[in-house]
There are 2 protein chains.
Amino acid sequence: MGRGKIEIKRIENSTSRQVTYSKRRAGIMKKAQELTVLCDAEVSLIMFSSTGKFTEYISPSVTTKQIFDQYQKVSGINIWQPHYERMQDNLNKQKEINNKLRREIRQRIGEDLDDLTIHDLRGLEQNMESSLKTVRDRKFQVISTRTETHKKKFKNMEETHAKLLREFEGRDDEPHFAMAGHEGEYESVLGLGNGGSHVFAFRLQQSQPNLQSGGEFGMNDLRLA
Amino acid sequence: MGRGKIEIKRIENSTSRQVTYSKRRAGIMKKAQELTVLCDAEVSLIMFSSTGKFTEYISPSVTTKQIFDQYQKVSGINIWQPHYERMQDNLNKQKEINNKLRREIRQRIGEDLDDLTIHDLRGLEQNMESSLKTVRDRKFQVISTRTETHKKKFKNMEETHAKLLREFEGRDDEPHFAMAGHEGEYESVLGLGNGGSHVFAFRLQQSQPNLQSGGEFGMNDLRLA
DNA sequence: AAAACTATGTATAACAG
DNA sequence: TCTGTTATACATAGTTT
């Protein structure tokens, strides 16, 4: 090639190395393109110069991603498999835990009891009894706190009202308490109403989206090497 | 190149296309190798012939994975980002669902009730009451079934025994029933024991492993294009 | 089908502006 | 540092073995 036989050996002069790189890069790019056109080949050529400059040729019939995928398939090396597998594992673990949790809740709702032994059922019953007691206690605690507060408020208002009455004494013929309208609220606080709350128990009705991945992407078969 | 100016145009004859491919492939591989040595470049050349045959050249100083990673970094295109993101999303969704389920269970166990309003508490209580009733019903149902079965078995054995007695009549002076040893089992079936089962409620104690991934692998920065 | 040959066009090293 | 020129080694299409 060129004047005098060339030795294929690292060019020590950095400048002429860069020049040579530019020229030969153009040459090899052309070759790649010719190969693509002449022979219907799919070619991916990626080059980084010693200074880190990046150049690529890719056959117009494909994308670099396709080449990478194909490379992995053919070479048997799934470069990103470790990540992918790890994530998939995690996903599966989460799903498994999820299912267990769902099942537990269903059993606590009274569904899906068929698989349980009498022993299990007795355990569940006892557990639910004590849990129910805890919830009940908590409810009463909250109610009593609220009731106490209301009592205080009420007393306060009574006093205020009495004071007002004293201030206005003589003016009004017939004093009247202005406390009506609180009874309803009071009642609701005490839990006498029974328009039950349905906040619980059906959160888990939300359909679980199909989270299985793989396959539909070009991630290949992900078989083990 | 060669005898007569060659047109760079798809070779229609399949055989000579393959031959040309072989020859030129060798040529371009040589060029790639020369570029590597001469210019300190990092070169990745991947080719698939029209028949699908795979050939690659890779500079000895690097691995194909490194080239791919570098390619993604430089080109700003993270080829596998969509999968990765999608999986991460799924994982997060699963975790979220998981946490909700855990919380629900905790509340059904009587923990984590502080955030609940009186309304919620009343709903939870009612729900638990009815669920408990369902569980209790189921338990009794199972017990009665088993009891029925045992009764039948018992009756059957009694008859068998009576038959045997009749067959052996006259031989034995004093007939004795061989039914001892069943009482214990019977009792346990009837739920009289109270060495409670602890099957429930603490499945969710299993620690949730840290499933966050990314970063530690060479997956690059995964920033958006 | 694969290897060898060879005539000829290409790529490019060295050089010049 | 780029652009152009040129001599020459190289790659290779077509052919033969």
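All chains are named by letter (A, B, ...) in the order of the sequence lines, taking the proteins before the strands, and each is independently numbered beginning at 1. Computed from heavy atoms alone, side chains included, the values below leave out hydrogens, waters and symmetry copies. Here the structure is a predicted model, which means the values were calculated and not measured.
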**Message:** Using C1' atoms of five pairs at each end, report the bend of the helix from C:dA2-D:dT17 to C:dG17-D:dC2 rounded to 10 degrees.
**Reply:** 30°

**Asked** Please give, in whole Å, the distance from D:dT15 P to B:N13 CG?
**Response** 13 Å

**Atom-pair distance (CD1 on A:I8; C1' on C:dA11), nearest Å** = 12 Å

**Request:** Using whole Å, report how far CG of B:L35 lies from P of C:dT12.
**Result:** 9 Å

**Item:** Passing candidate, side chain to side chain contact (heavy atoms under 4.5 Å, CB included) with A:K139, options B:D120, B:L113, B:L121
**Value:** B:L121

**Item:** Main-chain N/O of B:V19 paired to B:S16 side chain as donor or acceptor, under 3.5 Å
**Value:** no

**Any residue meeting salt bridge (charged side-chain N to carboxylate O under 4.0 Å, His left out) with A:E56, in chain and number order, not counting sequence neighbours** = none

**Request:** Using atom OH of A:Y21 as one end and atom P of C:dA13 as the other, report the distance to the nearest whole Å.
**Result:** 14 Å

**Listed partners of B:E12 passing salt bridge (charged side-chain N to carboxylate O under 4.0 Å, His left out), at least two apart** = B:R10

**Message:** Without decimals, in angstroms, what is the distance between B:R17 CZ and D:dG14 P?
**Reply:** 14 Å

**Set of salt bridge (charged side-chain N to carboxylate O under 4.0 Å, His left out) partners for B:D89, sequence neighbours left out** = none

**Message:** Tell me the interatomic distance from A:K9, atom NZ, to C:dA13, atom P, rounded to whole angstroms.
**Reply:** 16 Å

**Prompt:** Taking atom C1' of D:dC10 as reference, at what distance in whole Å does atom CD1 of A:I28 sit?
**Reply:** 15 Å

**Request:** For A:E96, check salt bridge (charged side-chain N to carboxylate O under 4.0 Å, His left out) against everything at least two apart and list the hits.
**Result:** A:K100

**Message:** Tell me the interatomic distance from A:Q33, atom CD, to C:dT10, atom P, rounded to whole angstroms.
**Reply:** 14 Å

**Message:** Going by the rule ring-ring contact (aromatic ring centres under 6.0 Å, His included), which residues pair with A:F48 if we only count those two or more places apart in sequence or in a different chain?
**Reply:** A:F54

**Message:** Let's test your reading of the model: under 3.5 Å, does the base of D:dA11 pair with the side chain of A:K31 as donor and acceptor?
**Reply:** no

**Closest-nucleotide ordering on DNA chain C, the 5'-leading residue of A:V19 and B:K23** = B:K23

**Message:** Both B:G27 and A:T15 contact DNA chain D. Taking the nearest nucleotide for each, which residue is further toward the 5' end?
**Reply:** A:T15

**Complete:** The nucleotide from D:dC10, C:dA11, C:dA4 with an atom nearest the side chain of A:K30 is C:dA11

**Prompt:** How is B:S16 classified with respect to the nucleic acid when contacts are heavy atoms under 4.0 Å: base, sugar-phosphate, or nothing?
**Reply:** nothing

